[in-house]
Amino acid sequence: MAQSKLQTYVGFCLKARKIVLGSNTIGTLKKNVYLLILDGKAANNSLRYALKFKNKFGCPLLVCKEGFEELVNKPLCRLAAVTDKNLAEAIVDSGDNNCELYTGGI
């Protein structure tokens with residue numbers, strides 16, 4: 001089965017170390033976060049962290065409906081931050097049906 005564009009771009013991020021995994025690690029960052037990706041099955045607490053980081057960094061939040069752990073290749077991970085502007089834009093523009101931009105409130 002062929003990889004989606006989203007999987008390919010996230011793979012580039014992982015290989016280039018331009019993605020940070022986990023809310024604790026993301027919380028240590030000061031700047032240069034261009035996209036947040038949240039597992040759609042995450043608990044409300046993870047969503048709150050994601051919205052806090054979305055406001056802190058002023059970046060879009062992408063919610064992945066399924067397969068997030070396989071996407072980032074890390075079990076039990078619920079949140080990821082892309083730290084490369086071009087890759088973040090490519091991920092948002094990839095038009096993947098499995099993910100959608102977050103637009104609502106808590």
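Quick note: residue numbers are just sequence positions, from 1. Small disclaimer: the values here were computed from a predicted structure and weren't measured.
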### Message
With clusters defined by side-chain heavy atoms of hydrophobic residues (ILVMFWY) lying less than 4.5 Å apart, directly or transitively, does L87 cluster with L71?
### Response
yes
### Query
Who passes side-chain hydrogen bond (donor to acceptor under 3.5 Å, both in side chains) against N45, sequence neighbours left out?
R48
### Message
Strictly by salt bridge (Lys or Arg N to Asp or Glu O under 4.0 Å), give each pair with a member in residues 13-26 just once, sequence neighbours left out.
### Response
none
### Task
Group every Ile, Leu, Val, Met, Phe, Trp and Tyr by side-chain heavy-atom contacts under 4.5 Å, then state whether L38 and L101 land in the same group.
no
### Summary
With sequence neighbours left out, the residues meeting side-chain hydrogen bond (donor to acceptor under 3.5 Å, both in side chains) with Y49 are none
### Task
Report the residues that fulfil side chain to side chain contact (heavy atoms under 4.5 Å, CB included) with S94, sequence neighbours left out, ordered by chain and then residue number.
K5, L6, Y9, D96
### Query
If you take all heavy atoms of L36 and A81, which pair is closest and at what distance?
CD2-CB, 3.8 Å
### Query
Do you reckon V92 sits in the same ILVMFWY cluster as Y102, going by side-chain contacts under 4.5 Å, direct or chained?
no
For residues 19-33, dump all side-chain donor-acceptor pairs below 3.5 Å to protein atoms at least two apart in sequence or in another chain.
from	atom 1	to	atom 2	distance (Å)
T25	OG1	L21	O	3.4
T28	OG1	T25	O	2.6
N32	OD1	Y34	OH	3.4

### Task
Look only at the side chain of T8 and the backbone of S4, and say whether a donor-acceptor pair between them is shorter than 3.5 Å.
yes
### Task
Determine, using the 4.5 Å side-chain heavy-atom cutoff (strictly less than), whether F68 and V63 are members of one ILVMFWY cluster.
no
### All pairs passing salt bridge (Lys or Arg N to Asp or Glu O under 4.0 Å) where residues 71-85 contributes a residue, at least two apart
D39-R78, E69-R78
### Message
So, taking the atom named CG in L47 and the one named CG in L61, what distance separates them when rounded to the nearest 0.5 Å?
### Response
7.5 Å
### Query
What residue pairs, at least two apart or across chains, pass salt bridge (Lys or Arg N to Asp or Glu O under 4.0 Å) with a residue in residues 57-68?
K65-E100
### Message
Tell me whether L35 shares a hydrophobic cluster with L51, the cluster being built from Ile, Leu, Val, Met, Phe, Trp, Tyr side chains joined at under 4.5 Å.
### Response
no
### Message
How about CG on N55, more than 12 heavy atoms from neighbouring residues, nucleotides or ligands closer than 6.0 Å, or not?
### Response
yes
### Message
According to side-chain hydrogen bond (donor to acceptor under 3.5 Å, both in side chains), who are the partners of N86, at least two apart in sequence or on a separate chain?
### Response
none
#### Entry: Pair I91-V10, side-chain contact (heavy atoms from CB on, under 4.5 Å): steps then yes or no
CA-CA 8 Å; I91 290 169; V10 171; 4.0 Å; yes
### Task
Walk me through it: do C77 and V72 pass the test side-chain contact (heavy atoms from CB on, under 4.5 Å)?
CA-CA 8 Å; C77 182; V72 296; 4.2 Å; yes
